[in-house]
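Computed from a prediction, not measured in an experiment: that's the story for all the values here.
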Amino acid sequence: MEFFSSYLTGFLFSHIDCPSSTWVQFQDSCYIFLQEAIKVESIEDVRNQCTDHGADMVSIHNEEENAFILETLKKQWKGPDDILLGMFFDTDDASFKWFDKSNMTFDKWTDQEDGEDLVDTCAFLHTKTGEWKKGNCEISSVEGTLCKAAIPYEKKYLSDNHILISALVIASTVILTVLGAIVWFLYKRNLDSGFTTVFSTAPQSPYNDDCVLVVAEENEYAVQFD
């Protein structure tokens, strides 16, 4: 049973979580790097690149996620030195926020200066060091866009009970299929044996062809004398 449960879990989470094979999954999210260099008038143009794919600009919430993005950018995506993060400075409460509205639970700033003017300030991931640095949101072009999409709720929180039930259904189907094959095999074997018995026990004449010919000739001879 453990085998079927593990198989089903692996099948579900490796095939249907992310939209396609061009996405990369890490923890509860899917990531895609759009390598096309584009000219933009504002950060919203960059964000639209992600929303067109059902995602948003990337947000980072722990050191493991930051390291994963850094490693994947270097080895698989071949990204530029600086990647624009999905972050902006909210002047209403003087704090940085993520565009995807997730909580700001982690940061990796390389330059923290007190009293600096942060209006129109965005964040960039420096792929050489993995640290974040502040920059102006008024950019004219980007050399690629990193997007992130959360795994849908019903997939992310698929309960163990659902997995177990699905595994039981698969196991039952396999067992019934095997039993059906065995019953069909035994039925065919008994059916073939029955035909063999019928043909082998059919009544046969006690005389062969030669004996029948001699008896016929004797009967004919006896009639002539009568």
Side-chain angles (χ1 to χ4, degrees), residues 1-36 47-79 83 85-86 98-106 108 125 127 130 144-198:
M1 189 58 61
E2 182 179 355
F3 167 77
F4 285 108
S5 179
S6 301
Y7 172 81
L8 182 63
T9 304
F11 175 82
L12 289 173
F13 285 92
S14 62
H15 288 75
I16 62 177
D17 287 345
C18 293
S20 70
S21 59
T22 57
W23 294 70
V24 180
Q25 181 179 340
F26 178 75
Q27 294 180 346
D28 297 331
S29 301
C30 299
Y31 305 77
I32 187 172
F33 181 65
L34 307 175
Q35 296 181 329
E36 180 183 4
R47 192 182 180 196
N48 288 338
Q49 294 289 308
C50 293
T51 56
D52 288 345
H53 287 76
D56 209 330
M57 294 175 65
V58 68
S59 60
I60 303 176
H61 297 282
N62 53 61
E63 183 65 45
E64 292 76 18
E65 186 178 17
N66 196 79
F68 157 77
I69 292 173
L70 191 67
E71 188 73 10
T72 311
L73 278 168
K74 289 179 180 179
K75 292 186 176 181
Q76 180 170 336
W77 292 326
K78 310 297 182 184
I83 293 292
L85 299 176
W98 296 112
F99 278 117
D100 64 8
K101 303 185 184 306
S102 58
N103 295 327
M104 184 70 65
T105 57
F106 171 78
K108 202 172 178 64
L125 170 65
T127 59
T145 307
L146 182 57
C147 307
K148 173 182 177 180
I151 294 174
Y153 178 88
E154 61 271 14
K155 296 175 183 177
K156 176 181 174 182
Y157 295 101
L158 184 65
S159 68
D160 292 338
N161 287 337
H162 289 172
I163 295 175
L164 180 59
I165 291 172
S166 300
L168 288 172
V169 171
I170 293 176
S172 300
T173 302
V174 172
I175 293 173
L176 289 175
T177 302
V178 172
L179 289 176
I182 294 174
V183 170
W184 177 252
F185 171 77
L186 293 175
Y187 170 76
K188 291 290 291 182
R189 189 177 68 176
N190 291 337
L191 192 63
D192 294 340
S193 299
F195 275 118
T196 303
T197 303
V198 168

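- Atom CG of Asn103 sits in a sparse spot, with 12 or fewer heavy atoms from other residues, nucleotides or ligands closer than 6.0 Å.
- Considering OG1 of Thr105 and CD1 of Ile60, their distance stands at 10.5 Å, rounded to 0.5 Å.
- Proximity of Ile32 to Val24: side-chain heavy atoms (C-beta onward) are nowhere separated by under 4.5 Å.
- You'll find the side chain of Thr72 stays beyond 4.5 Å of the side chain of Phe33, heavy atoms only.
- In this structure, Leu146 CG and Leu73 CG are separated by 6.0 Å, a value rounded to the nearest 0.5 Å.
- Here the options are Val58, Thr127, Ile83, the test is side chain to side chain contact (heavy atoms under 4.5 Å, CB included), and the partner is Ile69; only Val58 passes.
- Side chains of Asp100 and Ser102: a donor on one and an acceptor on the other come within 3.5 Å.
- Residues Phe106 and Glu64 fail the side-chain proximity criterion, which asks for heavy atoms closer than 4.5 Å.
- The shortest distance between side-chain heavy atoms of Trp98 and His61 falls below 4.5 Å.
- With values rounded to the nearest 0.5 angstrom, Thr145 atom OG1 is found 8.5 Å from Glu36 atom CD.
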Exercise. Kindly determine whether His53 and Trp23 satisfy side chain to side chain contact (heavy atoms under 4.5 Å, CB included), including the steps that lead there.
Key: CA-CA 11 Å; His53 287 76; Trp23 294 70; 4.2 Å; yes
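- The closest side-chain heavy-atom distance from Met57 to Gln49 is not below 4.5 Å.
- In this structure, Asp56 does not pair ionically with Lys148, as no charged nitrogen and carboxylate oxygen lie closer than 4.0 Å.
- Between the OH atom of Tyr31 and the CZ atom of Phe68 there is a distance of 6.0 Å, given to the nearest 0.5 Å.
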